[in-house]
Amino acid sequence: MHNTVTKKLHEFPPPSKHPEVTIYLCGLTTYDYAHLGNMRGPILFDVFRKFLVEIGYRVKFITNFTDVDDKVIQRAKETDADYSQLARKFTREYLLDLTALGIEHADLYPKVSYHIQDIIDYVKVIIDNGYAYESNGNIYFDVPKFHADKGTYGKLSRRNIDEMVTECRIEADENKHDQLDFALWKADSENGWESPWGKGRPGWHIECSLMSTKYLGTSFDIHSGAIDLKFPHHENEVAQAEAHSGTGTFAQVWMHYEFVNWKGGKLAKSGESFAVRDLFEKYDVETIRQFILSAKYRSPIDFSDERMEEVKKSRARIDNFFFEVRRQLGESIEESRHNLINKLGNPHEKKNMSDAELKVFSEVESFAEKFLDDLCDDFNTQGALSRVFEIVNPANTLINAPDLSDTGREIANLAYLEILWAGSILGLFNDERDELMQITAANKVLGIGGIVSDSKGEAEKLLEERQKLKGEKKYKEADAVRDKIIELGFEVRDTPDGPVLKPVE
RNA sequence: GGCGACGUGGCCAAGUGGUAAGGCAGAGGUUUGCAAAACCUUCAUCACCGGUUCGACUCCGGUCGUCGCCUCCA
């Protein structure tokens, strides 16, 4: 894993941590619908967790909700709403989006509003330790003092504190001793809670220090968030946690992912943006997930309809392979990868394979290792994804061969199962049984009723008609019938075994 | 001004000190009544300039360019 602090790759998780790893991801401020950028973290960590579990770890994954915040309060004022209700609404909506995207729930979603007393206690300790002071009902973190004692402020974001004072754009505040100081607690008579310093509410950074360490311990394995949180948010979290615990061990690894950009700039709720759920109408959730996974997490990724169409098309190749495997194997499809690997992998079986079969088999056989190796390499999802396409080609060659043998059929079957297995980690490549459920999940978010018309029966009738016309060599008429079938949402494929219908997305 | 990331074929995107995965698009071909699907073939010397090295796209320095953060933006 790449660590932001060292800018180097480190072995992760450290062997001493086996078998449990602890992860904290900075979550969402709940004042609006989530946009696609907000989903990069959750999608990445959904895959990362599944991957860690696959290679034998137990994962404790926590991501928070910032439901007490300037932005929430401001939005509530603008819309004349109660701010805690507003926060609850968007928390709920966000969870629906996560579900629609097939993202496994975190182990815990702590909210700021449930941790006010904890935060007050936490701030007290920092004050007692001498790293914070009170000023007109506000509590500020004393950055210069902390830095003088520990010398670590700016370590994460590689900032020089002396230069920051002259160059930074933080506005001077009468209450602060120093420009760099930041609020741990803000006086707020209107939306505040009682505290030893009067009515107020937590500053932004304190919640994450408190909630991460409360549930994961003073020192935990990964702290993650988008790149823009590196400074000041994460830098301040480190300072708070160290000022609180007195030790220099907060997160072992800092993992920052890049932005999702759109039209040359970043997606942001404050700028031009769109809600992720708006995409559900146009793209199925796997397309969205595959798009996010199609670049490394440390690179920015540009969203556009063109990109999404490309993803969709590439995905269609896999679907077509699945379709062909299911069509040809039908009932005889073997469900266990291990059975097939054991059977096909024994020397006797190998001896009877043709050269072509042997070649494909060895590629399929080594797939899983390559796939996991890529993910092991700083979570290279794009590399892992490309492995899937690497076995689709040879497997397609096999299954479409006119002289397909039983062995060849089994090898193709194995390739199919390997891809399903990879998909279970990536949250992709569900076969048709699950497709309907996902559509339903997305539709629930959109409030669309799940009406599925029975067009298949009709299409089948038309297909028979087309066959008859073809037999009479009335090709024009046959093509017209085919057009009708396409209108019903099916493709017609003429296979050596006769025509078949394939539902179009 | 400070800090950070990045610049790989028409587009997107991995990767590596020893001559560049994968996807999309393009061209040609096999198959097909046609189409669809599939397969085969074909398409780059890695922004530029220096340096280190037997050898660099990969390491170092510089130049140019793009983007982000420094504003409670994921």
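Here the structure is a predicted model, which is why all the values come from computation and not from measurement. Within every chain, numbering begins at 1; the chains are lettered A, B, ... in the order of the sequence lines, protein sequences first and strands thereafter.
- When the options A:D67, A:D69, A:V72 are evaluated for a side-chain contact (heavy atoms from CB on, under 4.5 Å) with A:Y83, the one that passes is A:V72.
- Checked against ring-ring contact (aromatic ring centres under 6.0 Å, His included), A:Y257 has no partners two or more places apart in sequence or in another chain.
- Atom NZ of A:K312 is separated from atom P of B:C24 by 15 Å (rounded to the nearest Å).
- Here B:U32 sits opposite no nucleotide as a Watson-Crick or G-U wobble pair (both hydrogen-bonding atom distances under 3.5 Å).
- Rounded to whole Å, the distance from CZ on A:F259 to C1' on B:U66 is 16 Å.
- In this structure, B:U52 makes no Watson-Crick or G-U wobble pair, since no nucleotide meets both defining distances under 3.5 angstrom.
- Here the C1' atom of nucleotide B:U32 and the NZ atom of A:K473 are 13 Å apart, to the nearest Å.
- Rounded to whole Å, the separation between the C1' atoms of B:C59 and B:G55 comes to 13 Å.
- Side-chain atoms of A:R158 come within 3.5 Å of backbone atoms of A:V5 as a donor-acceptor pair (strictly under, hydrogens ignored).
- With sequence neighbours excluded, the residues that form a side-chain hydrogen bond (donor to acceptor under 3.5 Å, both in side chains) with A:W421 are A:E54.
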Residues 301-311 of chain A, side-chain donor-acceptor partners within the protein, below 3.5 Å, at least two apart:
from	atom 1	to	atom 2	distance (Å)
A:S304	OG	A:E306	OE1	3.4
A:S304	OG	A:R307	N	3.1
A:D305	OD1	A:K282	NZ	3.2
A:D305	OD1	A:Y283	OH	2.4
A:D305	OD2	A:K282	NZ	3.3
A:R307	NH2	A:E310	OE2	3.0

Which atom pairs, one a donor and one an acceptor, fall under 3.5 Å between side chains of residues 487-494 of chain A and the rest of the protein, sequence neighbours left out?
from	atom 1	to	atom 2	distance (Å)
A:E491	OE1	A:R493	NE	3.2
A:E491	OE1	A:R493	NH2	2.6
A:R493	NH1	A:N320	OD1	2.9
A:R493	NH2	A:N320	OD1	2.7
A:D494	OD1	A:R466	NH1	3.4
A:D494	OD2	A:R466	NH2	2.9

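- If you take atom C1' in B:A37 and the same atom in B:U16, they sit 36 Å apart, rounded to whole Å.
- Among the protein residues, A:F182 comes within range of no part of the nucleic acid, since none of its heavy atoms lies under 4.0 Å from any strand.
- For the P atom pair drawn from B:G28 and B:C69, the interatomic distance equals 46 Å after rounding to whole Å.
- Atom CD of A:Q290 and atom P of B:C24 are 10 Å apart (whole Å).
- Put simply, CG on A:D305 is 15 Å from C1' on B:C24, counting in whole angstrom units.
- Pairing for B:G68 goes to B:C3, judged as Watson-Crick or G-U wobble with the two contacts each under 3.5 Å.
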Could you write nucleotides 34-44 of chain B as a row of B, S and -, 5' to 3', where a protein heavy atom under 4.0 Å of any base atom gives B, of only sugar-phosphate atoms gives S, and otherwise -? BBBSSSS----
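- When the P atom is used for both B:G15 and B:U52, the distance is 29 Å, rounded to whole Å.
- In this structure, the aromatic ring of A:Y475 is positioned over the six-membered ring of the base of B:G33, centres within 5.5 Å and planes within 30°.
- Within the structure, side chain to side chain donor-acceptor pair (under 3.5 Å) pairs that include any residue of residues 365-380 of chain A comprise A:Y297-A:D378, A:R298-A:D378, A:D374-A:R387 (at least two apart or interchain).
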In 5'-to-3' order, the base (B), backbone-only (S) or no-contact (-) status of each nucleotide in nucleotides 9-20 of chain B, using a 4.0 angstrom heavy-atom cut-off, is --BSSSS-----
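- Nearest-nucleotide mapping onto RNA chain B: of A:R298 and A:S314, the residue sitting toward the 5' end is A:R298.
- Put simply, the side chain of A:K230 and the base of B:C69 share no donor and acceptor less than 3.5 Å apart.
- Side-chain proximity of A:K266 to the nucleotides B:G2, B:A21, B:A74 is greatest for B:A74.
- Remark: B:U58 base-pairs with no nucleotide; criterion is Watson-Crick or G-U wobble with both hydrogen-bond distances under 3.5 Å.
- Ranked by how close their nearest RNA chain B nucleotide is to the 5' end, A:R201 and A:N261 are led by A:N261.
- In this structure, A:R159 places its CZ atom 13 Å from C1' of B:G1, rounding to the nearest Å.
- Here the P atom of nucleotide B:G4 and the NZ atom of A:K155 are 16 Å apart, to the nearest Å.
- Side-chain rings of A:Y24 and A:F61 stay apart, their centers remaining 6.0 Å or farther from each other.
- Nucleotides B:G17 and B:U45, compared at atom C1', are 15 Å apart to the nearest Å.
- With sequence neighbours left out, A:T79 forms a side-chain hydrogen bond (donor to acceptor under 3.5 Å, both in side chains) with no residue at all.
- Following rounding to the nearest Å, A:D403 (CG) and B:U31 (P) show an atom-to-atom distance of 16 Å.
- When Watson-Crick and G-U wobble pairs are counted only if both distances are under 3.5 Å, B:A37 pairs with no nucleotide at all.
- Rounded to a whole angstrom, the distance from the P atom of B:A20 to that of B:C57 is 11 Å.
- Nucleotide B:G9 has no partner under the Watson-Crick or G-U criteria, as no pair reaches both atom distances under 3.5 Å.
- Residue contacts shown for A:G41 are absent, as no nucleic acid heavy atom lies under 4.0 Å away.
- Taking a pair to require two hydrogen-bonding distances under 3.5 Å in either a Watson-Crick or a G-U wobble arrangement, B:A47 pairs with B:U63.
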Distance-only donor-acceptor hits, side chain of residues 199-208 of chain A, under 3.5 Å, sequence neighbours excluded:
from	atom 1	to	atom 2	distance (Å)
A:K199	NZ	A:S189	O	3.4
A:R201	NE	A:D188	OD2	2.6
A:R201	NH1	A:D70	OD1	2.9
A:R201	NH2	A:D70	OD1	2.9
A:H205	ND1	A:H233	ND1	2.9
A:H205	NE2	A:N236	ND2	3.1
A:E207	OE2	A:N64	ND2	3.0
A:E207	OE2	A:T66	OG1	2.7

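- Distance check on atom C1': B:C39 versus B:A47 gives 37 Å, rounded to whole Å.
- With hydrogens and angles disregarded, a donor-acceptor distance shorter than 3.5 Å links the side chain of A:S224 to the backbone of A:M255.
- The closest donor-acceptor contact from the side chain of A:D107 to the backbone of A:I62 lies at 3.5 Å or more, if one exists at all.
- When Watson-Crick and G-U wobble pairs are counted only if both distances are under 3.5 Å, B:A25 pairs with no nucleotide at all.
- With P as the reference atom, B:A38 and B:A25 are 10 Å apart, rounded to whole Å.
- When heavy atoms are screened at a 4.0 angstrom cut-off, A:V260 is found touching base atoms of the nucleic acid.
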